[in-house]
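Proteins get letters first, then strands, A, B, ... in listed order; numbering begins at 1 in each.
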Protein chains: 2
Amino acid sequence: MTVATTRDLRQQNRTKVLRTLVLSGETTRATLAADCELSPATVTNVVNELIDDGVVEEIGSVPSEGGRPIARLALRAAGAHMLGADVGERGVAVELFDLSMNRLDREFREWPVSMAGPAEIHESLGAAVAAVRARHPEVEATLVGLGLGLPGVVERDHEHWQEATLYAQNLGWAPTPVGDLVSAPGLEVFADNGANTLAVAEMWFGAARGADDAVVALLGRGIGLGVICGGQLVRGALGAAGEWGHTKIGLGAGPTCGCGATGCLEAYIGAHAILERWRATGAQEPGEGWRALSALVAAAEAGEPAAIGVVDETLDVLAVALANLVNLTNPERIVLGGWVGLRLLPTRRDDLTERVRRLSLHRPGSQFTVELCRFEGDSVALGAALMPLQAFIDRPRVRERAAVR
Amino acid sequence: MTVATTRDLRQQNRTKVLRTLVLSGETTRATLAADCELSPATVTNVVNELIDDGVVEEIGSVPSEGGRPIARLALRAAGAHMLGADVGERGVAVELFDLSMNRLDREFREWPVSMAGPAEIHESLGAAVAAVRARHPEVEATLVGLGLGLPGVVERDHEHWQEATLYAQNLGWAPTPVGDLVSAPGLEVFADNGANTLAVAEMWFGAARGADDAVVALLGRGIGLGVICGGQLVRGALGAAGEWGHTKIGLGAGPTCGCGATGCLEAYIGAHAILERWRATGAQEPGEGWRALSALVAAAEAGEPAAIGVVDETLDVLAVALANLVNLTNPERIVLGGWVGLRLLPTRRDDLTERVRRLSLHRPGSQFTVELCRFEGDSVALGAALMPLQAFIDRPRVRERAAVR
DNA sequence: CCTCTTAATCTAAGTCGTGAAGTAAGGAGG
DNA sequence: CCTCCTTACTTCACGACTTAGATTAAGAGG
């Protein structure tokens, strides 16, 4: 993103305008000028370019205060299309979005075997992508790329999206180049950790919207995290940042985690650990997963002491971990999601907020709000599709690219 | 830092060149062009401007491979001057730097009373600044500003350096506007937390140099931290980020901290806690501070079991805390300093590295190196002076500023 | 003295954003 | 229907910028 020539300047302004349009959906030229800090003349130029490229259109007008009506500007939804894939525990979901991030199609494939490996991913993912593309031949011309939300650490060199490598340590896979996970002829492929894509989705369109400094935590079987600093996702040196589940919080003591260590956050408040604790109170075997957790929450709401104890304990640990994060990153917003979080927290949000405030330092501790994720679990694919969208937004205008080639 | 007009463009290129010059001290035009990704012509233009402004000078030439000699470019050290202040536990140190960050002068004033408050700071700081300025009347014309490294959270609105407020919760002070801490007529004042300024110093000229993602931890009486992500210090929503000392690592258990909570990192590995543990083993009362710690380290190196145990325990806890940080931010480098760190770690660095690797996840855990701070304790003022330096670098050329006024 | 090599600068051309001036588009009043 | 007014947007002349390529600077070797 180095700006050096006057041409880069134009491209950067184009990016600014396009980004603002994607975020607001619809505006006017004057508003755009104010939001992007550009002169009206520049906005006219850039917008004309965008209209030329079929990315933006005028949709009627709004009466002004006594003068010429204000033209309403909107994205031309069909101007670009993105594919996003959620490679999850049970299968792979591929979704097709237009420029307004409307979901046009979805294809889900369960893994053929219980615990899939790179080979199964390759097959199912390729098939799902092909199926969606076959159903929508009209978008081929405007298809920007395919984003993958993957389970595990996705490592890449700075700025080299391609040549990324997936390390799914907890699934026991060998390091796998992302290129081996999918063959999508003619498509640029982007990849990131699923929690990161979800955090980006919340940042663009969800509960973290507008917050330059936020923390998005996902509570499920595992514990995921995306940290946003200064409007950007923290990726670290090689994109492995945001691994929160194995934060040691019990100092040598505490339950044993799947990773072999003791005192990991996940070993306290991962879904399995929560239910295990409930079981240990003598509750009748409630199984695993969503139903069991629902039963726990219902029992707690019904006033059952054992269940209340388990939930309280979970909130305690979560609050400590969040408070540590608050002290460290001074966020403006904490966003909580994941299926466990979305089941457990709606009724306890204020309680949790209170605990986190109490456990963090006075200053950073008084500056955040706690929100729940806007999107239920299936926004990993949406977030993944935001990677090609970002690339599209950052790209110089279509014609020039064509001319360069 | 929004670039919108062509003028901003020039200024940004100027900034790039100047920054590179400050970092490298001396270069040539061609190297500059490569480093800044600018064309030779642009570099010539910008450099001419800088020479005009008295900030850069040609200092002889290097023979080239058979052709015209290459002109050596260097900063004109006298082109600008900065003041940095370290407001610490024992007193205030004010230092004067030139553009090459040579320290030209230093003035230290102890607090008149044991625990100073805002009023004493105002007096001592003002006197020290005045003394240094009086001794160097020749720098007045090129004095850019005064940077303060303060003990406590410095809060400010995004981009509003002025109007910052100091919250020194642990010193028991009421929130104090930075403007009330110093009167420095005619000087622009910048302020930040001391740990942050030190981290910035290490980032510019010390052990974290060249690392875009790093973590700088300071071990002393308290525990400080500066996190660098993507080449920039993480400040959080209001600049309160990086509070690491009160990270709860003992989950409800653990020693009681000065802040009232239990299990804080500082309560394990703060200087006081370390020495307290040693005392608990029956060691003869060794006092407090540097001498006591030195005695502990010496005893450990001499093979005294109790001392070894205390040091090992300290490293254990530190390793856990660092591993958590590694998982979270995936740094390329960990830099350790503070007087405790600098006494304790030189002989145990590899040991600590090993422990952190073992406790962190495989991927982020295999990508960092551990370094010790280059600057002994007194680099807070240097780091503080980097704030005005940064402002100077980011500023458009002198004449235009004069013209605008 | 000439030629060769490399470094730095200059020149012409092209691009960009801006502010001022001009145009478009509606409403109000006659 | 016409004129005038208001507001929204566009055009244009201008200055500032970068760049590619030509030119000059400065030494080495023959």
Side-chain angles (χ1 to χ4, degrees), chain A residues 2-17 26-52 56-74 396-397 399-401 403-404, chain B residues 1-17 21 26-52 56-74 396-397 399-401 403-404:
Chain A
T2 320
V3 179
T5 88
T6 52
R7 237 185 197 131
D8 297 333
L9 221 177
R10 162 56 65 92
Q11 186 206 313
Q12 185 176 303
N13 287 341
R14 181 193 152 102
T15 296
K16 256 188 236 167
V17 168
E26 183 192 317
T27 16
T28 69
R29 288 187 176 79
T31 316
L32 225 37
D35 289 350
C36 304
E37 298 182 309
L38 297 171
S39 70
T42 300
V43 170
T44 292
N45 290 335
V46 172
V47 166
N48 281 347
E49 204 181 282
L50 291 171
I51 292 177
D52 259 21
V56 168
E57 58 189 350
E58 286 198 4
I59 49 164
S61 56
V62 183
S64 74
E65 296 169 9
R68 171 176 171 174
I70 307 168
R72 291 163 61 206
L73 295 175
R397 72 177 306 191
R399 285 195 199 153
E400 291 198 343
R401 277 189 301 134
V404 166
Chain B
M1 244 278 257
T2 319
V3 177
T5 90
T6 52
R7 233 187 200 130
D8 297 332
L9 219 179
R10 159 56 66 95
Q11 186 207 315
Q12 185 176 303
N13 287 342
R14 181 193 154 100
T15 296
K16 256 188 238 169
V17 168
L21 261 162
E26 181 192 319
T27 16
T28 69
R29 289 187 174 80
T31 315
L32 223 38
D35 288 352
C36 303
E37 298 182 308
L38 296 172
S39 70
T42 300
V43 170
T44 291
N45 289 335
V46 171
V47 167
N48 283 345
E49 202 180 285
L50 292 172
I51 291 177
D52 257 24
V56 169
E57 58 191 350
E58 286 197 6
I59 48 164
S61 57
V62 183
S64 74
E65 295 168 10
R68 172 174 173 174
I70 308 169
R72 290 163 61 207
L73 296 174
R397 71 177 306 190
R399 288 198 195 149
E400 291 197 347
R401 276 189 301 136
V404 166

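In this structure, the CZ atom of B:Arg10 is 17 Å from the P atom of D:dG15, given to the nearest Å. Residue B:Gln12 contributes atom CD, which lies 15 Å from atom C1' of C:dC16 at whole-angstrom precision. We find that CG of B:Leu9 is positioned 12 Å from P of C:dT18, with the value rounded to whole Å. Nucleotide D:dT10 holds its C1' atom 16 Å from the CD atom of A:Glu49, rounded to whole Å. The distance between atom CG of B:Asp8 and atom P of D:dC17, rounded to the nearest whole Å, is 10 Å. Here C:dA25 presents its P atom at 10 Å from CD of A:Glu58, a figure rounded to the nearest Å. When rounded to the nearest whole Å, the span between CG of A:Leu32 and C1' of D:dA8 equals 14 Å. One interatomic measurement links the two molecules: CZ of A:Arg29 to P of C:dA24, which rounds to 15 Å at whole-angstrom precision.
Of the listed residues (A:Leu38, A:Val43, A:Thr42, A:Thr44), just one forms a side-chain contact (heavy atoms from CB on, under 4.5 Å) with A:Leu32, and that residue is A:Val43. A side-chain contact (heavy atoms from CB on, under 4.5 Å) with B:Arg14 holds for exactly one of B:Leu50, B:Asn45, B:Leu9, B:Val47; it is B:Leu50.
Put simply, the side chain of A:Ser61 does not reach to within 4.5 Å of the side chain of A:Arg72, judged on heavy atoms. Using a 4.5 Å cut-off on side-chain heavy atoms (C-beta onward), A:Ser64 and A:Ile70 make contact. Inter-residue side-chain proximity for B:Val17 and B:Cys36 is flagged as met; some heavy-atom pair is nearer than 4.5 Å.
Of the candidates C:dT15, C:dT18, D:dC17, the closest approach to any side-chain atom of B:Arg7 belongs to D:dC17. Taking every side-chain heavy atom of A:Ile70 into account, D:dA8 is the closest of D:dA8, C:dT9, D:dC17. In this structure, of C:dC16, D:dA8, D:dC9, it is D:dC9 that holds the atom nearest to the side chain of A:Ala30. Candidate nucleotides D:dT19, C:dT18, C:dT9 were compared by shortest atom distance to the side chain of B:Pro40, and C:dT9 ranks first.
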Steps toward side-chain contact (heavy atoms from CB on, under 4.5 Å) verdict (B:Glu26, B:Leu73): CA-CA 6 Å; B:Glu26 181 192 319; B:Leu73 296 174; over 6 Å; no
Pair A:Gln12-A:Lys16, side-chain contact (heavy atoms from CB on, under 4.5 Å): steps then yes or no: CA-CA 6 Å; A:Gln12 185 176 303; A:Lys16 256 188 236 167; 4.1 Å; yes
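A salt bridge between B:Glu58 and B:Arg29 is present, with a side-chain N of the basic residue lying under 4.0 Å from a carboxylate O of the acidic one. Look at A:Glu49 and A:Arg10 and you find a salt bridge, because one of the NZ, NE, NH1 or NH2 atoms lies within 4.0 Å of a carboxylate O, short of that distance.
Nearer the 5' end of DNA chain C, as judged by each residue's closest nucleotide, is the contact made by B:Ala41, out of B:Ala41 and A:Thr42. If A:Asn48 and A:Glu65 are placed on DNA chain D by their nearest nucleotide, the residue sitting closer to the 5' end is A:Glu65. Where B:Arg72 and A:Ser39 each meet DNA chain C at their nearest nucleotide, the meeting point lying more 5' is that of B:Arg72.
Shown here are the salt bridge (Lys or Arg N to Asp or Glu O under 4.0 Å) partners of B:Arg68, two or more places apart in sequence or in another chain: there are none.
Residue A:Asn45 has no polar side-chain atom (N or O) positioned under 4.0 Å from OP1 or OP2 of C:dG17. Close to D:dT10, at under 4.0 Å from its OP1 or OP2, lies a side-chain N or O of A:Thr44.
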Check the interface with nucleotides 26-30 of chain C: list each N/O to N/O pair with the protein under 3.5 Å, or write none.
unit_1, atom_1, unit_2, atom_2, d
C:dG26, N2, A:Gly66, O, 3.1

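Rounded to 10°, the helix from C:dC1-D:dG30 to C:dG30-D:dC1 has 30° between the axis fitted to its first five pairs and the one fitted to its last five.
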